[in-house]
Novice: 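Before anything else, here's the structure in question.
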Amino acid sequence: MNSKFTGQLLLVAALLMSPPGISAQLELSVVDDKGNPLKDAVAALVPQQKIDYTAVPTAIMDQRQNMFVPGVLAIRVNTQVRFPNSDDVRHHVYSFSPAKKFELRLYHGMTAEPVLFDKPGTVVLGCNIHDSMVAYIYVVETEYFAVADAQGNISLAAPAGKYQVQIYHPQMSGNFPESTITLDDSQTLNNKITVNNLSAAKTAETVDEFSNLF
Amino acid sequence: MPKFSYLLKLLTFLIGLVVILEAISYVATRVVINKAVTQNARAELLSGGELFTRIMQTKVEQLALSVKVLTEDFGFKDAVATSDEKTIASALINHSARVKADVGILIASDGKLIASDQTFGLQIVDEFNNLKEQAQVRGQAYDIIIVDGRAYQFVMFSVKAPVVIGLAAMGFEIKQDLSVELQRLTGLEVSFVIHDGKQYQYLSGTQDEKSRVDLLQQMQTENKQGEVFVYDELISLAVPAARQNNDLLAVLQVPLSQVLAPFSRLNVQLFLLALVFSVLAGIAALFLARSVTHPVRVLADIARKIAGGFYSTPIAVTSKDELGDLARAFISMQQAIGEREQQVLYQSEHDPLTGLPNRLRIFPELEDAISRSRPLKESVFLLVIDIKNFTQINDELSQEIGDAVLREVGQKIARILTHGEVLRLGSDEFLAILMAAQRDSIAELAELIHAAFKTPLLVSGLQVSVEVNIGLATYPQDAESAESLLRRANLALNEGRGSEQCTCWYEQGWDEKHLRRLHLFREFESSLNAGHISLYYQPKINLERADTLGAEALVRWRHPEMGFVSPDEFIGVIESSGQITILTRWVLKTAIAQLRVLLDEKIKITCSVNLSALDLLVDDLPAYVAELLQSHKVPAENLYLEITESAIMREADKCLHNLRRLRDLGVTLSIDDFGTGYSSLSQLKKLPVSELKIDKSFILNLDTSADDQLIVRSTIDLGHTLGLSVTAEGVESEAIKALLKSYGCDTAQGYLYSKPLPAKEFIQWVHKYLAELTS
């Protein structure tokens, strides 16, 4: 798995010590192997010390125009996610991911019960009716995470300290190589991350006509 | 078989024509049919291929539908996501059963393979790699998978939840029943052939074992996919079972014989048609040939009759066609040939000059006359008439006048002998056949003929005197057959000519004499060679000096059958045949050789040899004599050559010339038989002779005949006056010898001394004579 990871996490320590709590700032720029910015990449800084999160925040995974919104959602472990349905058709949201296996049978609006994600991992969401609907929920064991914008930029703020850096992306096969980072308060850390092991983006929609098979 | 050759030709031609036409039409039809049928078969194969593709496609669609349903099943997704192998396997079995798929598989995201058929699953190595790859990229895929020598159609779909969590596939095995079904639908032979990139392998199909092997061989040598190819009378098309690869080919085939089968009935009909036409042509040929050969055969028969000399066969002409024309031509030809033959026959039997029947008619006429004469008890008289002076007329006047004379004479004789048949025998000879009871009336008629020629003929304004000789012979008195009658009449004519008789009747024995002469003539040379002819010598004694001897060589012929042949008889014969010169040379040679013998015996003697008139006409005789004398070393004065007076009558100059040459050799020449021929004293004076021999007819009775005494005495005087020595022949008594001696005759020869003796005896006689003289 390491072999696939050729990218390098260059850490230029620049930790800005903020008042107790969040004080260090980390700026990440994620690109693919061709140097194009990679949106929807998720970065998480997992502290060395495992923390039991008791509070249960709520996140939203909306469904609009037969799409999950957002396509990529990062949440802290032990977060409950609501699946409102903003469409006028019903959806049947499900996940067979080991991190969270659930099923919200056909429903409208806000009728679905929120789902608690109590295990870290990747949860792939689908709709049993609409095959094209896909969303990814990354459940991480930290409160310090963010999703890259359209330019592939991620901004993170965390208290100074040593963290395990986790990078996720729907097209990424396998895990991002383990690496650690030490943040301090004094400066902002600027990092460029190249993700290499990306599977090709789905360009064409799945063909439905069988005759093409032959 | 000349009668049938035309029929055969016609038959061959017509039937041949029909057969050729039928063959051409058969071949043409065959070609068209073959082309059409092949095209049909090609189209059939292509549509069969199309159908196969459609069937395969339908199956793919069935599979795809089924797999799609399976992969979209939430429960199945659940099972896959949770790796619930038992559930997965049961779902695969369940869904496979729905579409009667032979096998269903699932490949989990971790590569684990779950199959509806466990044994199938165990055999899988990497057969699905290609399909997997395709399915991962496109979500769905189709391929032909070969597992353990079995071929499958597999359709694979990805299982999405919603990302790909596995790949599910279902497959139909391509089995024998598919080919059977395809055959049922298309009527084509169907074979499935697997290709592993190198080798072709027969999977299943409707072909028999042998055809399978052949097919594989064919595929191996020539890869013709998608196009129609033909081998071993099989029209074939190889269609890939999948677009993706050529692992499996469906080979559709139809035997040429099968597609041609419906047309074989047409072939039979064509053949029957040809047969019927051939028979019709045969019948037509028969009729045609009959219509030609029958009249031709009739005409051929007539032609054969014409060849046989019959010119009156009736020819019934009915048809107006070319054959009728031919028949009419035959009629006119038959008439023309008949007429011409008559003409030719007439011409061949008639003399063109006189218009009289010619010698070809002699025997028919004679036979006719003879047969007619018998019942009438009459005799047949045959007259051979020739113009005595015709050569003279021809020579002195002209050939034309000669011809005119012949014409006149012929006509004149015919006018006189109206009751007989007059023919022209040749040159100036005519022949008349008369019948009468009495010889006298015929003699009168002969006289009448002579009388008629007393007055000269008037020819081209010339008066030509003609005299004729008539020879007569009578049947049955003189001859018993036509041939002998003719010969004897001719003999009579010759006899008459010799004896200056105008009319000469045949006399008994002439013919026999004539035949004997012929026989002698034929026998002469063989007798000479066989030694039946020999020389005898008769002494010639000088009356003054008895020891001066001479001899005359005389020829004697003793024939083994005919006995002694008199020289008077045969000399005449061989003179007339010209053989005398052969005899003379033989005599000269023998006599000179004998002279040599005598001289060797120390006998002083001369020898006389008789020469004939013909010998004097041969120019090389002197040279021959000279050569003989020289080769035998005999002095020329010992040789005497005797000639008769008459011998010099013909071609006197030539004879004289040769005589002088002989005398110049030193040979002594004598005149023999003096007194019997006609010779003039002037001629005698010219001759280079030295001796004169008086004929024995004057000597034999010399002692009793005063006339002979006168003649002999004056002849001796004459001889002496001319400077010749005189010899008397035929001295047979002392009295005569005494008389001759008193006349002054020089030498004597005769029986008084000796008859002619053979050589040996002659020598003995000489010795004896000389001995007596000296004693």
Side-chain angles (χ1 to χ4, degrees), chain A residues 1 40 61 63 66-68 71-73 83 90-106 121-138 168-174 198-214, chain B residues 52-69 71-84 99 108-110 131 134-144 153-166 169-170 240-245:
Chain A
M1 202 160 276
D40 286 343
M61 175 57 81
Q63 292 139 66
N66 291 352
M67 281 169 70
F68 288 106
V72 173
L73 178 68
F83 291 93
R90 291 195 289 179
H91 291 295
H92 176 171
V93 179
Y94 68 90
S95 158
F96 292 124
S97 303
K100 184 66 189 178
K101 190 168 172 294
F102 71 95
E103 183 179 2
L104 298 169
R105 289 191 174 272
L106 296 165
T122 303
V123 176
V124 185
L125 298 178
C127 172
N128 197 22
I129 303 169
H130 304 101
D131 286 350
S132 59
M133 290 173 67
V134 186
Y136 295 82
I137 296 176
Y138 297 102
Y168 301 100
H169 189 270
Q171 280 169 262
M172 214 167 83
S173 49
L198 289 174
S199 61
K202 289 276 187 298
T203 46
E205 273 301 290
T206 353
V207 203
D208 232 16
E209 281 182 37
F210 302 144
S211 55
N212 285 356
L213 281 173
F214 194 74
Chain B
F52 169 68
T53 308
R54 289 294 288 275
I55 287 174
M56 295 302 273
Q57 198 170 339
T58 309
K59 282 173 171 286
V60 168
E61 280 169 15
Q62 275 181 349
L63 286 173
L65 196 64
S66 185
V67 179
K68 187 174 161 67
V69 167
T71 53
E72 286 181 357
D73 185 89
F74 192 71
F76 184 69
K77 286 184 187 180
D78 193 348
V80 173
T82 55
S83 298
D84 183 353
V99 285
S109 49
D110 58 2
L131 195 62
Q134 289 282 321
Q136 267 159 354
V137 173
R138 299 176 60 226
Q140 59 185 34
Y142 163 68
D143 202 358
I144 299 288
Q153 277 187 294
F154 262 102
V155 172
M156 183 172 270
F157 272 72
S158 55
V159 183
K160 288 178 182 167
V163 294
V164 177
I165 54 170
M170 266 187 234
R243 196 159 36 119
Q244 287 83 343
N245 58 48

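Lettering of chains follows the sequences in order, A, B, ..., and the numbering in each one begins at 1.
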Novice: Which atom pair, heavy atoms only, marks the closest approach of B:Glu72 to A:Asn128?
Specialist: O-OD1, 4.2 Å
Novice: Test B:Thr82 against A:Lys101 for side-chain contact (heavy atoms from CB on, under 4.5 Å), laying out the working first.
Specialist: CA-CA 10 Å; B:Thr82 55; A:Lys101 190 168 172 294; 3.2 Å; yes
Novice: Any heavy-atom pair between the side chains of A:Phe96 and B:Val80 that's under 4.5 Å?
Specialist: no
Novice: Of all the heavy-atom pairs spanning A:Asp131 and B:Pro162, show the shortest one and how long it is.
Specialist: O-CB, 4.2 Å
Novice: How close do A:Tyr94 and B:Ala161 get, heavy atom to heavy atom, and via which atoms?
Specialist: OH-CA, 3.1 Å
Novice: Return the orientation label for the A:His92 and B:Phe74 ring planes: parallel under 30°, perpendicular over 60°, tilted otherwise.
Specialist: tilted
